[in-house]
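All remarks here apply to the structure that follows.
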Amino acid sequence: MNKYFLFLGFLFINLSSRSQSKIENGAWYCNLQLAPNADLPFKLSVTDSSGVKKLFIINGIEKIQVRSYWEKGDSVFIIPSVFQTEIKAQLKQTDKGLNYLEGMWTDYARVGEYQIPFIAYYRPGKELSVDHHKSDFNGNWEVQFSPDTSDSSSAVGIFKQTGGSVTGTFLTTTGDYRFLSGNIYDHEMVLSAFDGAHAFLFLAEMQSDGTLKGKFWSGKHWTEDWIAKRNENFQLPDASSLTYLKDGFKTISFSFPDADSAIISMSDARFKNTVTLIQITGSWCPNCMDETRVLVPLYNAKHNDGLEIVALDYERKNDWTYIQKSLRHEKEVFNISYPVIFAGLTTNSSASLPMLNKIMGYPTLIIVDKKGVVRKIITGIDGPATGDLYEKWKDDLNSFAQKLLEE
């Protein structure tokens with residue numbers, strides 16, 4: 001399906017290394033090369049307000065402001081707003097004077113060197129568009145990832161098509177794939193998302209019987225097949241039934257350090273006689289950030305009524321300096337007033353809370369009543385990309401927390 005990225009292909013010829021002193025305002029069309037024949041497209045918007053240059057990653061309907069950007073000679077450095085990632089690229093020109101960036105996207109949250117080739121071209125004027133659709137992908141789809149394997153899992157695909165453009169997401173038992181967008185090319189669909197931390201690419205082809213066959217890439221480290229059939233009534237298992245307390249347990253206990261190495265425990269006085277939300281999270285997790293954006297205002301509104309929240313952060317790298325930086329970064333970016341503490345590595349997360357059957361996904365929210373009894377455990381989140389489901393998720397959480405506060 002690589003032929004469907006030819007809208008950038010004409011730009012890949014006659015490259016030279018002439019340097020530009022600054023990056024132009026406007027739209028930059030970018031690609032991450034996840035694998036051969038698997039290029040993830042996204043757009044970078046550059047603006048200039050009163051001499052201050054601002055960059056935005058355009059992820060479907062989401063507009064993510066870049067936290068830090070600077071130039072040094074012909075090099076460009078882009079730091080996304082939340083995640084421990086970076087784009088390093090050289091600013092160059094084609095022999096026809098067309099500006100482009102070429103370099104690498106690096107994910108520092110992963111162990112070892114994790115880099116993906118990055119390239120971007122400046123295109124002033126009219127937006128690129130595609131209108132060669134011959135199939136209808138609208139609606140809800142019953143999805144199987146890695147079908148007929150031991151890794152098989154179910155999902156709900158929600159796609160909204162307008163002409164040759166399409167948006168949507170996939171709901172899974174551990175959360176959603178956030179804002180996806182792309183195009184329809186004849187009978188084939190390309191959906192992708194890049195939010196600074198996650199690079200998702202979904203390709204699918206409509207079959208003669210109306211089903212879909214596709215392939216999914218998550219960065220360069222994971223790829224799998226997927227199939228789907230239309231099913232407006234298909235639902236996933238209840239998110240509150242997946243992670244649970246083992247027999248004999250009614251409460252949660254933990255003792256973990258914050259960024260200053262101070263130990264925070266569930267037995268601390270601050271959690272006594274309170275309704276406590278325990279957030280299982282990670283600085284690398286966009287879905288967790290979606291949840292944090294809900295929890296922070298909830299805490300600010302209900303803390304004086306007896307609500308407490310504590311975030312248990314799980315990281316991918318066993319590097320205390322890096323972990324401290326990540327914890328402080330989370331609190332700063334989201335203006336978090338409640339504790340954010342380091343609970344362990346993702347590779348050993350379930351062992352850190354042995355009273356649970358397992359931690360299935362990020363985020364997971366454990367809700368504890370005033371007596372210290374666990375009342376509900378919610379795996380994943382129906383995030384902003386799910387629309388009405390997201391609003392229902394927020395309403396249900398707020399209502400349940402209020403009910404426990406009134407007991």
Side-chain angles (χ1 to χ4, degrees), residues 1 4-5 7-8 27-35 38-45 55-66 78 80-85 87 105 107 109-110 114 116-120 128 130 137 141 143 145 155-162 165-172 174-185 188-204 212 214-224 226 228 282 284-291 293 361-363 380-387 389-390:
M1 297 186 192
Y4 296 114
F5 295 97
F7 69 89
L8 285 180
W28 288 76
Y29 288 84
C30 312
N31 262 353
L32 292 176
Q33 188 178 19
L34 308 186
D39 297 320
L40 189 162
F42 69 96
K43 190 170 76 172
L44 196 64
S45 175
L55 278 67
F56 299 87
I57 295 171
I58 307 302
N59 181 46
I61 64 171
E62 191 177 31
K63 188 176 182 180
I64 306 168
Q65 184 172 353
V66 167
I78 301 171
S81 59
V82 178
F83 311 108
Q84 306 296 327
T85 63
I87 294 172
W105 172 66
D107 187 349
R110 293 188 177 275
Y114 191 95
I116 294 175
F118 163 85
I119 195 162
L128 290 171
V130 175
F137 289 81
W141 297 75
V143 178
F145 287 106
V156 179
I158 304 174
F159 310 138
K160 186 178 293 185
Q161 180 179 344
T162 305
S165 299
V166 60
T167 59
T169 194
F170 291 84
L171 306 179
T172 76
T174 57
D176 65 90
Y177 279 94
R178 305 192 78 251
F179 296 97
L180 301 174
S181 64
N183 293 291
I184 309 299
Y185 304 87
E188 300 185 329
M189 177 174 68
V190 179
L191 274 175
S192 64
F194 176 69
D195 53 22
H198 284 63
F200 296 143
L201 176 64
F202 296 87
L203 305 182
L212 303 181
K215 204 164 189 69
F216 164 53
W217 286 265
S218 177
K220 68 175 186 177
H221 62 279
W222 179 259
T223 183
E224 62 183 329
W226 62 281
W284 46 269
C285 170
N287 298 82
C288 301
M289 303 302 104
D290 288 336
E291 186 178 71
R293 292 184 181 96
Y362 298 83
I381 175 178
D382 294 328
T386 68
L389 291 175
Y390 174 59

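Residue numbers run from 1 in the order of the sequence given.
- Gln65 contributes atom CD, which lies 9.0 Å from atom CG of Leu55 (distance to the nearest 0.5 angstrom).
- In this view, Thr174 and Thr172, Met360, Thr379 satisfy the side-chain contact (heavy atoms from CB on, under 4.5 Å) rule, not counting sequence neighbours.
- By the 4.5 Å heavy-atom criterion applied to side chains, Trp217 and Leu203 are counted as neighbours.
- Atom CG of Leu171 sits about 4.0 Å away from atom CD1 of Ile158, to the nearest 0.5 Å.
- Not one N or O on the side chain of Asn59 forms a donor-acceptor pair closer than 3.5 Å with the backbone of Glu62.
- In summary, of the residues considered (Phe200, Phe179, Phe202, Trp141), a ring pair (Phe, Tyr, Trp, His ring centres under 6.0 Å) with Phe170 occurs for Phe202 alone.
- Residues Leu212 and Trp226 have side chains in contact (heavy-atom distance under 4.5 Å, counting atoms from C-beta outward).
- Here the closest heavy-atom approach between residue Pro41 and residue Asn31 is recorded as CA-OD1, 3.3 Å.
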Take Asp107 and Trp284 through the side chain to side chain contact (heavy atoms under 4.5 Å, CB included) test and state the conclusion after the steps. CA-CA 9 Å; Asp107 187 349; Trp284 46 269; 6.0 Å; no

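- Residues Gly383 and Asp176 approach most closely at N-OD2, 2.7 Å, considering heavy atoms.
- Side-chain contact between Val190 and Leu201: present, with at least one pair of heavy atoms (C-beta onward) separated by less than 4.5 Å.
- For Glu224, the side-chain contact (heavy atoms from CB on, under 4.5 Å) criterion is met by Phe145, Ser146, Phe216, Trp222, not counting sequence neighbours.
- Residue Gln33 comes nearest to Asp39 through the heavy atom pair CG-OD1, 3.4 Å, listed as atom of the first residue, atom of the second, then distance.
- Looking at every heavy atom in both residues, Met289 comes nearest to Gly282 through CE-O, 3.4 Å.
- When all heavy atoms of Leu32 and Ala199 are compared, the pair lying nearest together is CD1-CB, 4.1 Å.
- For Asp382, there are no side chain to side chain donor-acceptor pair (under 3.5 Å) partners at least two apart in sequence or on another chain.
- Under the 30°/60° scheme for interplanar angles, the aromatic rings of Phe194 and Phe42 are found to be tilted.
- To the nearest 0.5 angstrom, Ile78 atom CD1 is 5.0 Å from Leu44 atom CG.
- Remark: Tyr390 engages no residue in a ring pair (Phe, Tyr, Trp, His ring centres under 6.0 Å) (not counting sequence neighbours).
- Note that OG of Ser165 and CD1 of Ile184 are 8.5 Å apart. Values are rounded to the nearest 0.5 Å.
- A 4.5 Å side-chain heavy-atom check between Pro80 and Ile64 finds every atom pair outside the cut-off.
- In this structure, Ser192 and Leu40 approach most closely via the heavy-atom pair CB-CG, 3.9 Å.
- Scored by the salt bridge (charged side-chain N to carboxylate O under 4.0 Å, His left out) test, Lys220 finds no partners at all (sequence neighbours excluded).
- Of the possible polar contacts, one joining the Asp195 side chain to the Ala197 backbone as a donor-acceptor pair under 3.5 Å is found.
- For Ala120, the side-chain contact (heavy atoms from CB on, under 4.5 Å) partners two or more places apart in sequence, or in a different chain, are Trp28, Cys30, Leu101, Phe118.
- In this structure, Thr169 contributes its side chain and Arg178 its backbone to a donor-acceptor pair below 3.5 Å.
- Checked by atom type, the side-chain pair Arg110/His221 shows a donor-acceptor distance below 3.5 Å.
- Asn287 contributes no side-chain N or O that, together with a main-chain N or O of Pro363, makes up a donor-acceptor pair within less than 3.5 Å.
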